[in-house]
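Worksheet: the structure to be examined is printed underneath.
All figures in this text were calculated on a predicted structure; none of them were measured in a lab. Because only heavy atoms are used, hydrogens play no part in the values below, and waters and symmetry mates are left out as well, while side chains stay in. Each chain gets a letter, A, B and so on, in the order the sequences are listed, and its residues count up from 1.
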2 protein chains.
Amino acid sequence: MENKISQLRQEHGLTQQMLAERLSVSRQTIISLETGRYNPSIRLAWQISHLFGKTIEDVFIFQEDEKK
Amino acid sequence: MENKISQLRQEHGLTQQMLAERLSVSRQTIISLETGRYNPSIRLAWQISHLFGKTIEDVFIFQEDEKK
DNA sequence: ATAAAATGTCAAGCTGGCTTTACATATTGA
DNA sequence: TCAATATGTAAAGCCAGCTTGACATTTTAT
């Protein structure tokens, strides 16, 4: 799974810290998401996508053969 | 957050057990999802939605004011 | 050049998503 | 009616998502 968080964040002129605050998560969570280290909850994925006016599928990109 | 898993599962003629097996999760996980007890990972949400040929937003419905 | 801001890594800990097992209560069908 | 199948609850445990804090490196701006 890839995601466009870093790109969207920069397009919106936000730092990792600012994005973390808007989402009420830690900055480490943003770093880990941007560097693809995990598989967030759907609620967090929705909050991020929604903040940028996108759908979850716009922001998070899954591979066809993707398993757990 | 609501979801349409129970409805979609029944439309596709699947039992909870069968759906659990197709997704490689436990039946308890399906029950907990259907009864709204948790906030799955985005990967599981995607696997479920994709199995039914839907987008995540088709299956999981968020409220505008939804917080963590 | 140099200070400040932004990004990143590491590590320890908490929490809740998810598993497993066991049992109880519908629901279906012969 | 009786058994089989489907759904639900409860409880204990594991693990990865997420937090916190401290520090290192890179980027930006003066």
Run the side-chain contact (heavy atoms from CB on, under 4.5 Å) test against [X] and tell me which residues pass, sequence neighbours left out.
X       : result
A:Thr29 : A:Val25, A:Ser26, A:Leu33, A:Tyr38, A:Leu44
A:Glu57 : A:Thr55, B:Trp46, B:Thr55, B:Ile56, B:Glu57
A:Asn39 : A:Met1, B:Ser41, B:Ile42, B:Arg43
A:Gln10 : A:Ser6

Counting only side-chain N and O atoms of [X], is one of them less than 4.0 Å from OP1 or OP2 of [N]?
X       : N      : result
A:Gln17 : C:dT7  : no
B:Thr29 : C:dC18 : no
B:Ser41 : D:dG17 : no

Report the distance from atom [atom1] of [X] to atom [atom2] of [N], rounded to the nearest whole Å.
X       : N      : atom1 : atom2 : value
B:Arg43 : D:dA16 : CZ    : C1'   : 12 Å
A:Gln28 : D:dA24 : CD    : P     : 16 Å
A:Gln47 : D:dG17 : CD    : P     : 17 Å
B:Leu44 : D:dA16 : CG    : P     : 15 Å
B:Arg37 : D:dA11 : CZ    : C1'   : 13 Å
B:Leu19 : C:dC18 : CG    : P     : 13 Å
A:Ile30 : C:dT9  : CD1   : C1'   : 17 Å
A:Met18 : C:dA5  : CE    : C1'   : 12 Å

Provide a list of protein-nucleic acid N or O atom pairs under 3.5 angstrom, restricted to nucleotides 25-30 of chain C.
none

Output the single nucleotide from [options] whose closest atom is nearest the side chain of [X].
X       : options              : value
B:Tyr38 : C:dT7, C:dG17, D:dG8 : C:dG17
A:Ile31 : D:dT9, C:dG8, C:dT19 : C:dG8
A:Glu34 : C:dG8, C:dG17, D:dT7 : C:dG8

Have a look at [X] and say if it touches a base, only the backbone sugar-phosphate, or nothing, with a 4.0 Å heavy-atom cut-off.
X       : value
B:Ser26 : base
A:Arg27 : base
B:Ser32 : nothing

Check against side-chain contact (heavy atoms from CB on, under 4.5 Å), B:Glu2 and B:Gln63: CA-CA 9 Å; B:Glu2 299 170 41; B:Gln63 311 298 329; 3.7 Å; yes
A:Ile48 CD1 to A:Ile5 CD1 distance, which is reported to the nearest 0.5 Å: 4.0 Å
ILVMFWY cluster, B:Phe60 and A:Leu23 together (side-chain gap under 4.5 Å): yes
B:Ile31 reachable from B:Met18 in the ILVMFWY side-chain graph, under 4.5 Å edges: no
Axis bend over the full length of the helix from C:dA1-D:dT30 to C:dA30-D:dT1, computed from five pairs that close each end, to 10 degrees: 50°
Interface with DNA chain C, restricted to residues 3-10 of chain B and to heavy atoms under 4.0 Å: none
Test item: B:Gln16 and B:Leu19 side chains (from C-beta on) under 4.5 Å apart, heavy atoms: no
ring-ring contact (aromatic ring centres under 6.0 Å, His included): pairs with one or both residues in residues 5-27 of chain A, sequence neighbours excluded: A:His12-A:Phe52
Residue pairs involving residues 25-38 of chain B (criterion salt bridge (charged side-chain N to carboxylate O under 4.0 Å, His left out); sequence neighbours excluded): B:Arg9-B:Glu34
Closest approach of B:Asp58 to B:Lys4 (non-hydrogen atoms, all atoms of both residues): O-CD, 3.7 Å
